[in-house]
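Heads up: the structure comes next, in structure tokens.
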2 protein chains.
Amino acid sequence: MSTTASPQNLIASTFKVLAHPIRIAILDLLRDGEQCVCHLEAHLGKRQAYISQQLALLRSAEIISDRRDGMNIYYRVVRPEIYTLLDAARTINQIPIPAPIPRANDCVCPKCTNE
Amino acid sequence: MSTTASPQNLIASTFKVLAHPIRIAILDLLRDGEQCVCHLEAHLGKRQAYISQQLALLRSAEIISDRRDGMNIYYRVVRPEIYTLLDAARTINQIPIPAPIPRANDCVCPKCTNE
DNA sequence: GTACTATATCTCTTTTTTTGAATATGGTCA
DNA sequence: TGACCATATTCAAAAAAAGAGATATAGTAC
């Protein structure tokens, strides 16, 4: 994650963080505000540890940050400019920008509502 | 270069092609129009074969395309929208958009002008 | 034709990234 | 305090990408 920080390398690493389907999906889930990890887990259908790894990556790239609230940890995007990139990439590929996921103030994912 | 072409995978591979300093540099060199390979070679200071490999990659991603003129092969960008991405990434990283390289209709790089 | 030039391709090695499995941590609730 | 829950980290294996070297190709000039 280093090499000398030339402009091109900086830009390249910005793209690199975004060059992953799960990370893109995570950022899309965070479009309309913070979500708890269990939410992401439920929506992405991947192992918890795996999602946590990707969150760590996005976190260390300083694109998202977290906040604990009681039992859960909530993630949010701290660099909304990256949506410019995501949206532009969608436009280029003629993919519609995803509709915002209805905000659920209290987590509605199975893990959060069941028993 | 495959996996099923879900929207996220499509977007991810767009970012992936751009996630490389040399490829970014090549695209910047092509900002103001086509350039012959020797030009790129002179400007990038890398092995010919290496640049050719990167060109092949950009070509197979259908971002650039080539044209032969006499002895030389000229490359040009066929998807100018990618500059939206490059520029946005620069903005995010607070790097100025590179000034266009003065157009040289006849190649002025050492390889083209010497002897 | 042959020789040369510009560029491309192929193959192999090294490095990086991805992913999975196991385990750790640090709050919370009794 | 201890058990429990949500999430994080660590380590190793698998897969992908980066890069170097050697060689091929397709025009061009003679």
Side-chain angles (χ1 to χ4, degrees), chain A residues 1-3 8-9 12-26 34-61 64-76 106-107 109-115, chain B residues 1-3 8-9 12-26 34-61 64-76 106-107 109-115:
Chain A
M1 200 136 268
S2 36
T3 51
Q8 268 99 0
N9 282 332
S13 49
T14 296
F15 286 130
K16 207 170 286 184
V17 192
L18 299 179
H20 192 292
I22 294 289
R23 295 196 288 269
I24 292 171
I26 290 176
E34 65 178 16
Q35 298 290 355
C36 65
V37 178
C38 66
H39 221 103
L40 303 176
E41 221 177 311
H43 279 281
L44 297 170
K46 298 279 176 185
R47 299 175 312 120
Q48 176 273 318
Y50 182 49
I51 292 173
S52 203
Q53 282 176 125
Q54 302 302 152
L55 288 171
L57 226 147
L58 287 166
R59 196 162 12 94
S60 76
I64 62 180
S65 98
D66 60 339
R67 163 182 89 81
R68 172 179 287 269
D69 181 15
M71 209 74 130
N72 302 313
I73 294 190
Y74 289 82
Y75 275 91
R76 70 183 176 287
D106 41 6
C107 204
C109 68
K111 290 195 60 134
C112 296
T113 51
N114 297 348
E115 62 266 357
Chain B
M1 200 134 273
S2 36
T3 50
Q8 269 98 359
N9 281 332
S13 49
T14 296
F15 285 130
K16 208 170 285 186
V17 192
L18 299 179
H20 192 293
I22 293 289
R23 296 196 287 270
I24 292 171
I26 290 175
E34 65 178 15
Q35 298 290 355
C36 65
V37 178
C38 65
H39 223 102
L40 302 176
E41 221 178 312
H43 278 282
L44 297 170
K46 299 279 177 187
R47 297 178 313 122
Q48 176 274 318
Y50 182 48
I51 292 173
S52 203
Q53 282 176 124
Q54 303 302 151
L55 288 170
L57 228 147
L58 288 165
R59 196 162 11 95
S60 77
I64 62 179
S65 98
D66 60 339
R67 161 183 90 80
R68 172 178 287 270
D69 181 16
M71 208 74 131
N72 302 313
I73 294 190
Y74 289 81
Y75 277 91
R76 70 182 176 288
D106 40 5
C107 202
C109 69
K111 289 194 62 130
C112 297
T113 50
N114 295 351
E115 65 265 353

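Here is the naming used below: chain letters follow the sequence lines, and residue numbers restart at 1 for every chain.
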Taking C-beta and beyond as the side chain, do B/Gln54 and B/His20 meet within less than 4.5 Å on heavy atoms? yes
Nearest-Å distance for atom pair CG/P, residues A/Leu18 and C/dT18: 12 Å
Can you see whether A/Arg76 engages A/Ser65 through a side-chain donor-acceptor pair at a distance of less than 3.5 angstrom? yes
Output the rounded distance in Å from NZ (B/Lys16) to C1' (D/dA17). 9 Å
Report yes if some heavy atom in the side chain of A/Val37 is under 4.5 Å from a heavy atom in the side chain of A/Asn72; otherwise report no. no
Report the distance from atom CG of B/Asp66 to atom C1' of C/dA6, rounded to the nearest whole Å. 13 Å
A/Tyr75 pairs by side-chain hydrogen bond (donor to acceptor under 3.5 Å, both in side chains) with which of A/His39, A/Arg59, A/Arg67? A/Arg59
Between B/Leu55 and A/Arg23, name the one whose nearest nucleotide on DNA chain C is closer to the 5' end. B/Leu55
May I have the distance from B/Ile73 (atom CD1) to D/dT25 (atom P), rounded to whole angstrom? 15 Å
Nearest to the side chain of B/Glu41, which nucleotide is it out of D/dA18, D/dA8, C/dT7? C/dT7
Between CZ of B/Phe15 and C1' of C/dT18 the distance, given in whole Å, is 19 Å
Check whether any side-chain heavy atom of A/Asp66 sits under 4.5 Å from a side-chain heavy atom of A/Tyr74, and report yes or no. no
Specify the separation, in whole Å, of atom CD1 of B/Ile51 and atom C1' of D/dG21. 16 Å
Of all the choices, D/dA6, C/dA8, D/dA8, which nucleotide is nearest to the side chain of B/Arg59 once you look at every atom? C/dA8
Within the side chain of A/Ser52, is there an N or O that forms a donor-acceptor pair under 3.5 Å with the backbone of A/Gln48? no
Does the side chain of B/Arg47 reach to within under 4.5 Å of the side chain of B/Gln53, using non-hydrogen atoms? yes
Per-nt protein contacts along nucleotides 19-30 of chain C (heavy atom under 4.0 Å; B base, S backbone sugar-phosphate only, - none) come out as BBBB----SS--
Whole-Å gap separating P (C/dT7) and CG (B/Leu58): 16 Å
Nearest-Å distance for atom pair CD1/C1', residues B/Ile64 and C/dT7: 13 Å
